[in-house]
Amino acid sequence: MRQAKSLAWVVVVCLFCAVGVPAQQSGAATDLTSNAAAGSSVPRLVSFSGAVKDAAGKPLTGPVDIHFAIYENFDGIEPLWFETQTVEVDAQGRFTALLGAMRPEGLPLALFTTGKARWLEVLVEGGATMPRVLLVSVPYAFKAGDAETLGGKPATAYVASDQLKDQVRSEMTQQLANPTIGLRSLEMMVTNPASTPQAITETNPSTFTCATSGTCVGVTQSGTGTPLLASSTAASAVVAALRGEAASTAGSGVLGWAKATTGTAVGVKGQTDSTGGMGIYGLATAATGTTFGVRGDVLSPSGRGVYGNATAGTGVTYGVLGIAASTSGIGLAGQATAVTGATVGIRAVTQSPTSTAAIFDNLGGGKLLSAHTTGFVEKFSVDGSGNLTAGGSVTIAGSLSLSGYINAGLLIQPNATSPNIIGGYSGNGITPGVVGATIGGGGTGGLINRATDDYGTVGGGQNNQAGDNAGTTDDSRFGTVAGGANNTASGSAATIAGGYGNAASGDYAALGGGLGNIASGGNSTVAGGQTNQATNTLATVGGGWVNTASGLSATIPGGTDNSASGDYSFAAGHGAVAQHEGAFVWRDAPAGSLFSSTAANQFLIRAAGGVGIYALTPPGPLPAQFTVSSSGGYSLPQVEINHRFGGDFTRLRFSAAGTTNIWDVAAFNTAGGRLLNFWAGSSAGGGADVMSLRPDDATNLLVMSNGARLTAGGAWTDMSDRNAKTNFAPVDGREILERLAEIPIQRWSYRAEPGSIRHLGPMAQDFYAAFGLGEDDKHIATVDEGGVALAGVQALYRLSLRKDAEIKELKDAASRKEAQTQALAEQNRKLAQEVEDLRKAQLVMQGVVARLARRESGSAGVQTSSATSAAQAAKSRPRTTLAKAQL
């Protein structure tokens, strides 16, 4: 639309004649401007400035297509001129255009030279038409081009006043200098003319003015000729050879007086030889008083009170023209004063078989004819509407053709085709020229019934009309209004059964009744209700209030404030708007905003209480906005969506107001088996599957768009491709283990599950505080739990390897210690053996020493000292050996 497709905009009008053309206008405007500057003083362009805004009140910008049209009336239908221009709009929504710039000749000159009002209509492409603007003075400067001439000639073609005076003065001087010419001119002016009348050839009429109470101009003829002859030689146009005017209330416009008391003298004679002329024409223009168009008095028994003779063979001539401006004057009066004899006041005689002896026109709407007897008592009259009133009985010797009312209640209008019949109020009427029409009755003063087209029928009621009253009588035939009041059946064969203020203007339209309903589309129908409209062909409104079916074959069964503007659309309920072709819109009763279709062939239902499809009566309020209830069974699913084309998806689509996002649940049969896809995209185009269920896939039952899968065997597989990851960073396994050691690992149950179902793991708050992984502290991703576990396993593995190395090192050290211990033990054993051997040797030595001592005990001093030193030396040697062994 232009959704309608409906723009709000503001136009500030500034109109003035312009010669220059903006750069954005077409070449035609440039040619027109240059031509105007070169050969015409009146430019043929009109500048127009305005501003446009969108429905939100924001200015439009950029190039915008705008339609301009000029009309004769505010509500005229056919434009006098139109064109479309593409204009540049600035940031404030303002633009300027030159009307007429799209054609080399510009605006037609005749648009503004008639002096009539002109209305400008502006329509922005795709928007609503705004109220028309009355063009004021400046565009009528086109008329200035005509003002430069006089009678189509320039002012230089005429003689100036000073020049004219000089020429007249020179001419008069020359004539007076010539005795013959000067005397003759004076004779024509102040004395009797010569025997041969001289023609007056001046182009301007002569005017005689006098203040005397006598005769201003007197013409006396002593011969047998004509004292005064006024002749008009024009073969056409309304002219008068002789015209007399009298301003006095007792004066005579023309007085013809035949003084002879015998013979065939004529006071005034009117004669015409034209087939369309009038021998005598009298016109009394005063609206009041006893006026006479023509009055002629004659005293001679064979004279003529008025005699007019117009001898022209063509043209609208008058033998006698009588005009009385007095409120009591008489345009034409014929009076026979003789009290005996077969006298005639006024007699009209014609010779042509197609002529009319007398015509009576009363332009003021009064009586056409009034007949009086002695004492001026009216006995017979015909009023301005053609109504005849007779004071006595009417005697008919031949066939009776009735063209008036019978007993003031029935009028028969005969014609050669089919008579008209008018019943009821005397003011009820059938348009002249209509045939076969009937008004059964009804009507009253100011509220008459009318039949304006052939074979129209009004049964009764008040102020009803059959026909369109458009001037022709056969364009809306067979219209019927059965009754009611203020109803109009103006379409051909249109019918209104009754009601009040209804209009059936479409051909073959039918309107049952109601109040203020309109059936303007061809073959349209409004059954009843109030303020309903069926404005397009075959449109139907069943009833209700303020409903409009404006689309082709659109239907509104009833309700309130519904609109079906799309072709073949349907709207019902309260405030339903089916504005697209084939749309079906039903809206519930609560008040609020309208419920409208947004695309062709939609089926829309708004129901605040929910939409239900039940096999039986619902037990109460619906449990959801849309409820389907059936008898069930595999063969009777509650809802089935079946795509007619096997090569396409069967879709269940979800969307939300205010966004272009859409979600589809789509089923599809492929060569590999069945698919159920969950798809996310945009109404503007583009999208992708988020999840795909594949019951026939031997590998994966569920495939996610991010690469995660549920295998056919039941294993969940996460997406972990290196190419799908970023922001890599190393981790400290020992730190992970230390943090993990601080996290409570508990058994627990979900609140939504029975308490008998138990789980094991950390809390998301503790996990997020420890590691900062995942989107928030309410969830734990399985990949993060696994990652922490793997990092911990790696750390434990590294610790294990380190411990194993340390243990081996300790074992090796222990082995070395044991070998050293064994070596020391062997050394100790050997030393002990050596000590034992030494001890034994010592014992032996002690025995030896003892024996020696005893042997030598008897020796004196030196021998004792020698023995003692030897014994001490023997004791000291074993100690030295033991010490070495211990080292």
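Positions are given from 1 along the sequence.
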Less than 3.5 Å apart, any donor N or O on the side chain of Asn536 or Ser550 sitting next to an acceptor on the other? no

Any donor-acceptor N/O pair, Asn449 side chain to Asn463 backbone, under 3.5 Å: yes

So, does Gln85 use its side chain to make a donor-acceptor pair with the main chain of Ala97 at under 3.5 Å? no

Would you say Ser692 and Phe678 make side-chain contact, with heavy atoms under 4.5 Å? no

Between Phe82 and Ile70, does the side-chain contact (heavy atoms from CB on, under 4.5 Å) criterion hold? Intermediate values first, please. CA-CA 6 Å; Phe82 68 92; Ile70 295 178; over 6 Å; no

State, to 0.1 Å, how close Ala549 and Ala539 come at their nearest heavy-atom pair, and which atoms those are. O-CB, 3.4 Å

I'd like to check the side chain to side chain contact (heavy atoms under 4.5 Å, CB included) partners of Ala724; sequence neighbours left out, ordered by chain and number. Met719, Asp721

Examine the side chains of Thr537 and Asn523 and answer whether a donor and an acceptor come within less than 3.5 Å of each other. no

Would Tyr568 and Leu552 count as a side-chain contact (heavy atoms from CB on, under 4.5 Å) here? Give the steps. CA-CA 6 Å; Tyr568 315 107; Leu552 175 65; 3.4 Å; yes

Below 4.5 Å, heavy atoms only, C-beta onward: do Thr438 and Tyr455 meet side chain to side chain? no

With a 3.5 Å distance limit and no angle check, can you tell me whether Asn532 reaches the backbone of Gly543 through a side-chain donor-acceptor pair? yes

Trace of the salt bridge (charged side-chain N to carboxylate O under 4.0 Å, His left out) decision for Glu72 with Lys116: CA-CA 8 Å; Glu72 185 173 2; Lys116 295 182 178 179; 3.6 Å; yes

How about Val89 and Val52: do any of their side-chain heavy atoms sit closer than 4.5 Å? yes

Ignoring hydrogens and geometry, is there a side-chain-to-backbone donor-acceptor pair from Asn562 to Gly573 under 3.5 Å? yes

Can any side-chain N or O of Asp453 pair as donor or acceptor with the backbone N or O of Asp468 at less than 3.5 Å? yes

If the condition is salt bridge (charged side-chain N to carboxylate O under 4.0 Å, His left out), which residues does Asp689 pass it with, not counting sequence neighbours? none

Is it the case that the side chain of Ser682 and the backbone of Ala684 share a donor-acceptor pair, with hydrogens and angles ignored and the cut-off at 3.5 Å? yes

Among side-chain atoms of Ser49 and Thr96, is any donor-acceptor pair under 3.5 angstrom? yes

NZ or CZ of Arg118 within 45° of Tyr71 ring axis and under 6.0 Å: no

Test log, rule side-chain contact (heavy atoms from CB on, under 4.5 Å), inputs Ile66 and Val64: CA-CA 6 Å; Ile66 302 180; Val64 176; 4.1 Å; yes

Treating Asn700 as the side-chain partner and Leu702 as the backbone partner, does any N or O pair qualify as donor plus acceptor under 3.5 Å? no

Do any N or O atoms from the side chain of His574 and from the backbone of Ala589 form a donor-acceptor pair under 3.5 angstrom? yes

Residue pair Gly512 / Ala497: nearest heavy atoms and the distance that separates them: O-CB, 3.0 Å

Taken to the nearest 0.5 Å, the spacing of Gln92 CD from Arg94 CZ works out to 4.5 Å

If only atom types and distance count, is the side chain of Asp664 paired as donor or acceptor with the main-chain N or O of Ala666 below 3.5 Å? no

Search all heavy atoms of Ser492 against all heavy atoms of Ser476 and return the closest pair with its distance. OG-CA, 3.4 Å

I'd like to know whether OH of Tyr508 has more than 12 heavy-atom contacts from other residues, nucleotides or ligands below 6.0 angstrom. no

Do Asn547 and Trp545 have side-chain N/O donor and acceptor atoms under 3.5 Å apart? no

With distance as the sole criterion, is a donor-acceptor pair present between the side chains of Asn486 and Tyr500 under 3.5 Å? yes

I need the Arg674 CZ to Asp697 CG distance, nearest 0.5 Å. 12.0 Å

Enter the distance from Asn487:CG to Thr495:OG1 here, rounded to the nearest 0.5 Å. 12.0 Å

How close do Ala504 and Ala494 get, counting heavy atoms only, and between which atoms? O-CB, 3.4 Å

Is the shortest side-chain heavy-atom distance between Phe654 and Ile662 below 4.5 Å? no

Rounded distance (nearest 0.5 Å) linking atom CZ of Phe68 with atom CG of Leu123: 10.0 Å

Spatial distance of atom OG1 (Thr84) from atom NE2 (His67) [nearest 0.5 Å]: 4.5 Å

Got a donor-acceptor contact below 3.5 angstrom from the Asp454 side chain to the Gly436 backbone? no

Looking only at side-chain N and O atoms, does Arg450 offer a donor or acceptor that is under 3.5 Å from a partner on Thr452? no

Are Leu99 and Leu120 packed together at the side-chain level, in the sense that at least one heavy-atom pair is separated by less than 4.5 angstrom? yes

Ala509 versus Gly521, closest heavy-atom pair with distance: CB-O, 3.8 Å

Quick one: sort the Phe48 and Phe95 rings into parallel, tilted or perpendicular, breaks at 30° and 60°. tilted

Between Val577 and Phe595, is any pair of side-chain heavy atoms under 4.5 Å apart? no

Side-chain contact, heavy-atom cut-off 4.5 Å: Ile641 with Leu652? yes

side-chain contact (heavy atoms from CB on, under 4.5 Å) evaluation trace for Trp679 with Val690: CA-CA 5 Å; Trp679 183 91; Val690 177; over 6 Å; no

To the nearest 0.5 Å, what is the distance between CG on Asn517 and CG on Asn502? 5.0 Å

Side-chain touch Phe570/Pro557, heavy atoms, less than 4.5 angstrom: yes

Locate the shortest heavy-atom distance separating Val526 from Gln533; write the atom from each residue and the value. CG2-C, 4.3 Å

